[in-house]
Amino acid sequence: MCCFSRPVDSVSATKIFARAEDAHRQFLAYSMTMSAREDLAMILPLPVRATSGEKAVTFISLEEYPKFFEDMEKGFPAPRSLSLGPAGCATTRVTAAKLEVIQVGNFEASFVPTIADFVRLDKRFRLPVGTWEKLPAYRHYGFAVFKLKPGAKTVHPMAFSFPRANIGSIFFPTVHIHDGQVHSRAGFDHVLYCQRSEGEATRLTEWRESPQLARDFVKVAQAKGIVAADRHCHRMALRGQLENRDVWV
(Lines give C-alpha, C1' and ligand atoms only; values in the text may rest on other atoms or scores of the structure.)
Protein backbone atom coordinates (compact mmCIF):
# COMPACT_ATOMS: atom_id res chain seq x y z
CA MET A 1 0.00 0.00 0.00
CA CYS A 2 1.30 3.45 -0.94
CA CYS A 3 -0.57 5.94 1.28
CA PHE A 4 0.05 9.64 1.64
CA SER A 5 -1.01 11.67 4.65
CA ARG A 6 -1.75 14.74 2.49
CA PRO A 7 -2.83 15.16 -1.17
CA VAL A 8 -0.10 14.77 -3.79
CA ASP A 9 -0.05 16.38 -7.23
CA SER A 10 1.42 13.33 -8.94
CA VAL A 11 3.06 9.98 -8.26
CA SER A 12 4.72 7.90 -10.99
CA ALA A 13 7.54 5.50 -11.80
CA THR A 14 7.09 3.51 -8.60
CA LYS A 15 9.67 0.74 -8.19
CA ILE A 16 9.67 -1.90 -5.45
CA PHE A 17 12.17 -4.66 -4.69
CA ALA A 18 11.39 -7.45 -2.21
CA ARG A 19 13.25 -10.49 -0.92
CA ALA A 20 13.01 -12.78 2.08
CA GLU A 21 15.95 -12.08 4.39
CA ASP A 22 15.38 -15.44 6.10
CA ALA A 23 12.42 -17.54 7.21
CA HIS A 24 11.17 -14.75 9.49
CA ARG A 25 12.08 -11.39 7.91
CA GLN A 26 11.65 -9.61 4.57
CA PHE A 27 13.62 -6.87 2.82
CA LEU A 28 11.80 -4.10 0.96
CA ALA A 29 13.15 -1.19 -1.13
CA TYR A 30 10.84 1.48 -2.55
CA SER A 31 11.30 4.45 -4.90
CA MET A 32 9.04 6.79 -6.88
CA THR A 33 8.78 10.15 -8.61
CA MET A 34 6.36 12.51 -6.90
CA SER A 35 5.22 16.09 -6.56
CA ALA A 36 3.58 17.62 -3.48
CA ARG A 37 2.87 21.12 -2.19
CA GLU A 38 3.35 20.55 1.55
CA ASP A 39 5.14 18.39 4.09
CA LEU A 40 3.60 14.93 4.18
CA ALA A 41 4.36 11.31 4.91
CA MET A 42 4.33 8.17 2.81
CA ILE A 43 2.88 5.32 4.86
CA LEU A 44 3.57 1.68 4.01
CA PRO A 45 1.43 -0.84 5.94
CA LEU A 46 3.43 -3.99 6.67
CA PRO A 47 2.16 -7.47 7.57
CA VAL A 48 4.43 -7.76 10.61
CA ARG A 49 4.48 -10.65 13.03
CA ALA A 50 2.14 -10.05 15.99
CA THR A 51 3.57 -8.25 19.06
CA SER A 52 6.75 -7.34 17.18
CA GLY A 53 7.20 -4.09 19.10
CA GLU A 54 8.54 -0.66 18.19
CA LYS A 55 12.00 -1.92 17.18
CA ALA A 56 10.65 -4.47 14.69
CA VAL A 57 11.69 -2.57 11.55
CA THR A 58 15.35 -2.08 10.64
CA PHE A 59 15.75 0.93 8.34
CA ILE A 60 18.56 0.77 5.74
CA SER A 61 20.01 3.88 4.08
CA LEU A 62 20.55 3.65 0.32
CA GLU A 63 21.45 7.34 0.07
CA GLU A 64 24.82 6.38 -1.45
CA TYR A 65 23.19 4.06 -3.98
CA PRO A 66 20.53 6.27 -5.63
CA LYS A 67 20.80 4.26 -8.87
CA PHE A 68 19.81 0.99 -7.18
CA PHE A 69 16.75 0.56 -9.39
CA GLU A 70 18.54 1.75 -12.53
CA ASP A 71 21.06 -1.04 -12.00
CA MET A 72 18.28 -3.52 -11.23
CA GLU A 73 16.66 -2.71 -14.56
CA LYS A 74 19.94 -3.50 -16.36
CA GLY A 75 19.31 -7.14 -15.53
CA PHE A 76 16.34 -7.13 -17.92
CA PRO A 77 17.54 -6.02 -21.37
CA ALA A 78 14.83 -5.52 -23.98
CA PRO A 79 14.33 -8.81 -25.83
CA ARG A 80 15.32 -8.88 -29.48
CA SER A 81 12.36 -9.16 -31.81
CA LEU A 82 11.68 -9.09 -35.54
CA SER A 83 8.32 -7.48 -34.85
CA LEU A 84 7.79 -3.87 -35.92
CA GLY A 85 5.70 -3.29 -32.80
CA PRO A 86 7.10 -2.05 -29.47
CA ALA A 87 8.75 -4.52 -27.13
CA GLY A 88 6.36 -5.46 -24.30
CA CYS A 89 6.79 -6.54 -20.70
CA ALA A 90 4.88 -8.76 -18.29
CA THR A 91 2.25 -7.32 -17.10
CA THR A 92 -3.31 -1.06 21.87
CA ARG A 93 -2.52 1.07 23.87
CA VAL A 94 -2.18 4.78 23.13
CA THR A 95 0.71 6.42 24.90
CA ALA A 96 1.79 10.05 25.03
CA ALA A 97 5.41 9.11 24.26
CA LYS A 98 6.48 10.08 20.75
CA LEU A 99 7.60 7.37 18.37
CA GLU A 100 11.30 7.14 17.59
CA VAL A 101 12.36 9.10 14.50
CA ILE A 102 15.37 7.77 12.58
CA GLN A 103 17.37 9.62 9.92
CA VAL A 104 17.63 7.29 6.91
CA GLY A 105 19.53 9.05 4.13
CA ASN A 106 17.44 12.03 3.05
CA PHE A 107 14.39 10.89 5.04
CA GLU A 108 13.11 10.85 8.56
CA ALA A 109 11.47 7.50 9.24
CA SER A 110 9.42 5.94 12.01
CA PHE A 111 7.83 2.57 12.62
CA VAL A 112 4.24 2.70 13.89
CA PRO A 113 3.52 -0.70 15.48
CA THR A 114 -0.31 -0.44 15.45
CA ILE A 115 -3.05 1.81 14.06
CA ALA A 116 -3.66 3.17 17.57
CA ASP A 117 -0.06 4.40 17.72
CA PHE A 118 -0.59 6.93 14.91
CA VAL A 119 -1.65 9.46 17.59
CA ARG A 120 2.03 9.52 18.55
CA LEU A 121 2.92 11.09 15.20
CA ASP A 122 2.45 14.71 14.12
CA LYS A 123 -1.02 15.17 12.55
CA ARG A 124 0.58 16.04 9.19
CA PHE A 125 1.86 12.48 8.96
CA ARG A 126 -1.40 10.61 9.66
CA LEU A 127 -4.18 9.59 7.29
CA PRO A 128 -7.55 11.33 7.68
CA VAL A 129 -9.71 10.15 10.58
CA GLY A 130 -11.79 7.15 9.58
CA THR A 131 -9.53 5.93 6.76
CA TRP A 132 -8.34 2.80 8.54
CA GLU A 133 -11.93 1.79 9.35
CA LYS A 134 -12.41 1.42 5.57
CA LEU A 135 -9.45 -0.96 5.41
CA PRO A 136 -10.16 -3.72 7.95
CA ALA A 137 -7.56 -6.02 6.34
CA TYR A 138 -4.84 -3.79 7.83
CA ARG A 139 -6.08 -3.77 11.43
CA HIS A 140 -3.19 -5.99 12.59
CA TYR A 141 -0.47 -4.43 10.42
CA GLY A 142 2.45 -2.23 11.43
CA PHE A 143 3.43 0.84 9.40
CA ALA A 144 6.69 2.27 8.05
CA VAL A 145 6.35 6.06 7.79
CA PHE A 146 8.70 8.23 5.72
CA LYS A 147 8.45 12.01 6.09
CA LEU A 148 8.84 13.86 2.78
CA LYS A 149 9.39 17.50 1.87
CA PRO A 150 7.29 19.36 -0.72
CA GLY A 151 8.39 19.78 -4.32
CA ALA A 152 8.88 17.62 -7.39
CA LYS A 153 11.52 14.91 -7.05
CA THR A 154 12.58 11.33 -7.58
CA VAL A 155 13.33 10.02 -4.11
CA HIS A 156 16.31 7.75 -3.52
CA PRO A 157 15.25 4.24 -2.52
CA MET A 158 13.72 3.85 0.92
CA ALA A 159 14.70 0.48 2.36
CA PHE A 160 14.16 -1.63 5.47
CA SER A 161 13.52 -5.13 6.74
CA PHE A 162 10.61 -6.30 8.88
CA PRO A 163 9.44 -9.47 10.67
CA ARG A 164 6.90 -11.04 8.33
CA ALA A 165 3.69 -12.58 9.57
CA ASN A 166 3.19 -14.64 6.39
CA ILE A 167 6.21 -16.92 6.26
CA GLY A 168 6.68 -18.27 2.73
CA SER A 169 5.17 -15.25 0.92
CA ILE A 170 6.75 -11.98 -0.19
CA PHE A 171 4.71 -8.79 0.21
CA PHE A 172 4.57 -5.74 -2.08
CA PRO A 173 2.69 -2.66 -0.77
CA THR A 174 0.79 -1.53 -3.87
CA VAL A 175 -2.66 -0.39 -2.67
CA HIS A 176 -3.09 3.34 -3.40
CA ILE A 177 -4.40 6.12 -1.17
CA HIS A 178 -3.30 9.38 -2.76
CA ASP A 179 -6.28 11.63 -1.99
CA GLY A 180 -7.50 10.39 1.37
CA GLN A 181 -10.01 8.08 -0.32
CA VAL A 182 -10.01 4.31 -0.85
CA HIS A 183 -10.93 3.45 -4.46
CA SER A 184 -11.64 -0.04 -5.85
CA ARG A 185 -9.42 0.63 -8.87
CA ALA A 186 -6.39 2.87 -9.28
CA GLY A 187 -3.88 4.00 -11.87
CA PHE A 188 -0.69 1.93 -11.60
CA ASP A 189 2.76 2.88 -12.90
CA HIS A 190 4.77 0.24 -11.03
CA VAL A 191 7.65 -2.10 -11.72
CA LEU A 192 8.14 -4.86 -9.16
CA TYR A 193 11.35 -6.82 -8.66
CA CYS A 194 12.00 -9.79 -6.41
CA GLN A 195 14.30 -12.67 -5.62
CA ARG A 196 13.05 -16.09 -4.55
CA SER A 197 15.09 -18.91 -3.08
CA GLU A 198 14.96 -22.41 -4.55
CA GLY A 199 13.00 -23.66 -1.55
CA GLU A 200 10.14 -21.18 -2.02
CA ALA A 201 7.34 -22.93 -3.85
CA THR A 202 5.56 -20.13 -5.71
CA ARG A 203 6.22 -20.23 -9.45
CA LEU A 204 6.61 -16.74 -10.87
CA THR A 205 4.85 -17.53 -14.13
CA GLU A 206 3.89 -13.90 -14.85
CA TRP A 207 7.33 -12.54 -14.02
CA ARG A 208 10.37 -12.21 -16.28
CA GLU A 209 13.60 -13.76 -14.97
CA SER A 210 16.96 -12.02 -15.37
CA PRO A 211 19.37 -13.92 -17.66
CA GLN A 212 22.24 -13.21 -15.26
CA LEU A 213 22.81 -13.45 -11.54
CA ALA A 214 22.24 -10.25 -9.54
CA ARG A 215 25.96 -9.73 -8.93
CA ASP A 216 26.40 -9.13 -12.69
CA PHE A 217 24.25 -5.98 -12.75
CA VAL A 218 23.71 -4.80 -9.14
CA LYS A 219 26.41 -3.28 -6.93
CA VAL A 220 25.74 -5.81 -4.20
CA ALA A 221 28.00 -4.25 -1.57
CA GLN A 222 26.27 -0.87 -1.93
CA ALA A 223 22.90 -2.60 -1.62
CA LYS A 224 23.83 -3.47 1.99
CA GLY A 225 22.58 -7.04 1.99
CA ILE A 226 19.20 -6.34 0.42
CA VAL A 227 20.11 -8.22 -2.77
CA ALA A 228 21.41 -11.80 -2.83
CA ALA A 229 24.40 -11.82 -5.21
CA ASP A 230 24.08 -15.44 -6.32
CA ARG A 231 20.40 -15.44 -7.32
CA HIS A 232 18.52 -14.34 -10.40
CA CYS A 233 16.01 -11.50 -10.12
CA HIS A 234 12.45 -11.39 -11.42
CA ARG A 235 10.52 -8.43 -12.82
CA MET A 236 6.86 -7.60 -13.43
CA ALA A 237 5.29 -4.34 -14.62
CA LEU A 238 1.86 -3.14 -13.44
CA ARG A 239 0.50 -0.27 -15.53
CA GLY A 240 -2.92 1.18 -16.19
CA GLN A 241 -6.22 1.11 -14.28
CA LEU A 242 -6.04 -2.03 -12.13
CA GLU A 243 -7.67 -3.53 -9.05
CA ASN A 244 -6.47 -1.52 -6.07
CA ARG A 245 -4.76 -4.22 -4.01
CA ASP A 246 -1.41 -5.35 -2.64
CA VAL A 247 0.68 -8.01 -4.39
CA TRP A 248 1.87 -11.25 -2.80
CA VAL A 249 4.17 -13.88 -4.32
Side-chain angles (χ1 to χ4, degrees), residues 1-4 11 14-32 41-53 55-60 62 68-69 72 90-91 104 109-115 127 131-132 135-146 157-178 182 186 188-208 214 223-228 231-238 242-249:
M1 173 187 279
C2 174
C3 310
F4 291 93
V11 181
T14 299
K15 297 176 175 62
I16 309 173
F17 173 83
R19 177 176 78 86
E21 180 178 1
D22 53 35
H24 303 288
R25 295 186 69 85
Q26 178 188 316
F27 286 117
L28 193 74
Y30 195 108
S31 182
M32 65 193 165
M42 186 183 76
I43 302 166
L44 297 177
L46 304 174
V48 298
R49 194 167 58 247
T51 66
S52 293
K55 303 291 185 180
V57 167
T58 300
F59 291 101
I60 302 166
L62 292 182
F68 172 83
F69 282 109
M72 183 66 64
T91 54
V104 187
S110 296
F111 175 61
V112 182
T114 71
I115 290 173
L127 288 179
T131 300
W132 294 117
L135 295 163
Y138 299 97
R139 65 167 60 93
H140 299 305
Y141 278 42
F143 306 84
V145 177
F146 293 87
M158 298 168 274
F160 52 88
S161 72
F162 65 92
R164 53 184 181 157
N166 302 74
I167 295 174
S169 297
I170 297 175
F171 171 75
F172 292 85
T174 53
V175 167
H176 297 38
I177 300 179
H178 293 177
V182 182
F188 279 71
D189 183 18
H190 289 50
V191 180
L192 310 182
Y193 305 89
C194 75
Q195 288 184 302
R196 301 282 287 178
S197 65
E198 292 183 1
E200 293 171 314
T202 302
R203 294 179 59 83
L204 301 177
T205 55
E206 298 181 357
W207 297 62
R208 182 180 169 195
K224 298 185 177 179
I226 293 173
V227 177
R231 296 185 200 169
H232 293 259
C233 294
H234 291 79
R235 177 189 190 275
M236 181 173 69
L238 298 173
L242 303 174
E243 183 181 353
N244 195 13
R245 63 179 180 85
D246 294 320
V247 173
W248 293 83
V249 296

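Throughout, numbering of the chain's residues begins at 1 and tracks the sequence.
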So, taking the atom named CG in L46 and the one named CZ in F160, what distance separates them when rounded to the nearest 0.5 Å? 4.5 Å

Exercise: identify the closest heavy-atom pair between A29 and F69: O-CZ, 3.5 Å

With sequence neighbours left out, what residues match F188 under ring pair (Phe, Tyr, Trp, His ring centres under 6.0 Å)? H176, H190

Evaluate the criterion side chain to side chain contact (heavy atoms under 4.5 Å, CB included) for residue pair L192 and T174; output intermediate values, then yes/no. CA-CA 10 Å; L192 310 182; T174 53; 4.2 Å; yes

Flag, side chain of D246 to backbone of V175, donor-acceptor distance under 3.5 Å: yes

Relative to each other, are the rings of F172 and W207 parallel, tilted or perpendicular (30° and 60° limits)? tilted

Any non-hydrogen side-chain atom of P47 less than 4.5 Å from a side-chain atom of W248? yes

Stepwise side chain to side chain contact (heavy atoms under 4.5 Å, CB included) test for I226 and L62: CA-CA 10 Å; I226 293 173; L62 292 182; 4.0 Å; yes

Compare every heavy atom of T14 with every heavy atom of I16, then report the nearest pair and how far apart it is. CG1-CG2, 4.1 Å

Among residues at least two apart in sequence or on other chains, which ones pass side chain to side chain donor-acceptor pair (under 3.5 Å) with N166? none

Residue list, side-chain contact (heavy atoms from CB on, under 4.5 Å) with A56, at least two apart or on another chain: S52, F111, P163

On a heavy-atom basis, the closest approach of I60 and S161 is CD1-N, 4.4 Å

Listed partners of A165 passing side-chain contact (heavy atoms from CB on, under 4.5 Å), at least two apart: none

For F162 together with Y141, are the ring centres under 6.0 Å from each other? no

If we only count heavy atoms from C-beta on, is the M32 to M158 side-chain gap below 4.5 Å? yes

For A41 and V145 the tightest heavy-atom approach is CB-CG1, 3.7 Å

By salt bridge (charged side-chain N to carboxylate O under 4.0 Å, His left out), which residues pair with R25, not counting sequence neighbours? E21

With no hydrogens and no angle check, is any side-chain donor or acceptor of R196 less than 3.5 Å from a backbone partner on V249? yes

Working to the nearest 0.5 angstrom, can you tell me the gap between Q26 CD and R19 CZ? 10.0 Å

Sidechain-backbone polar pair: R164 side chain, S169 backbone, donor-acceptor under 3.5 Å: yes

Heavy atoms, side chains only, cut-off 4.5 Å: are K15 and M72 in contact? no

Do W132 and P45 have side chains that approach each other closer than 4.5 Å (heavy atoms only, starting at C-beta)? yes

Please report the shortest heavy-atom distance between A20 and I170, naming the atom on each side. N-CD1, 4.1 Å

Set out, in order, the CA-CA distance, both residues' side-chain angles and the distance that settles side chain to side chain contact (heavy atoms under 4.5 Å, CB included) for S31 and F68, then state yes or no. CA-CA 9 Å; S31 182; F68 172 83; over 6 Å; no

Sequence-distant partners of H140, side-chain contact (heavy atoms from CB on, under 4.5 Å), two or more places apart: none

If I compare all heavy atoms of Q195 with all of H232, which pair ends up nearest, and what's the gap? CG-O, 3.4 Å

Hey, could you give me the SG/CG distance between C194 and L28, rounded to the nearest 0.5 Å? 11.5 Å

Check for a donor-acceptor pair, side chain of R235 on one end and backbone N or O of V191 on the other, with a separation under 3.5 Å. no

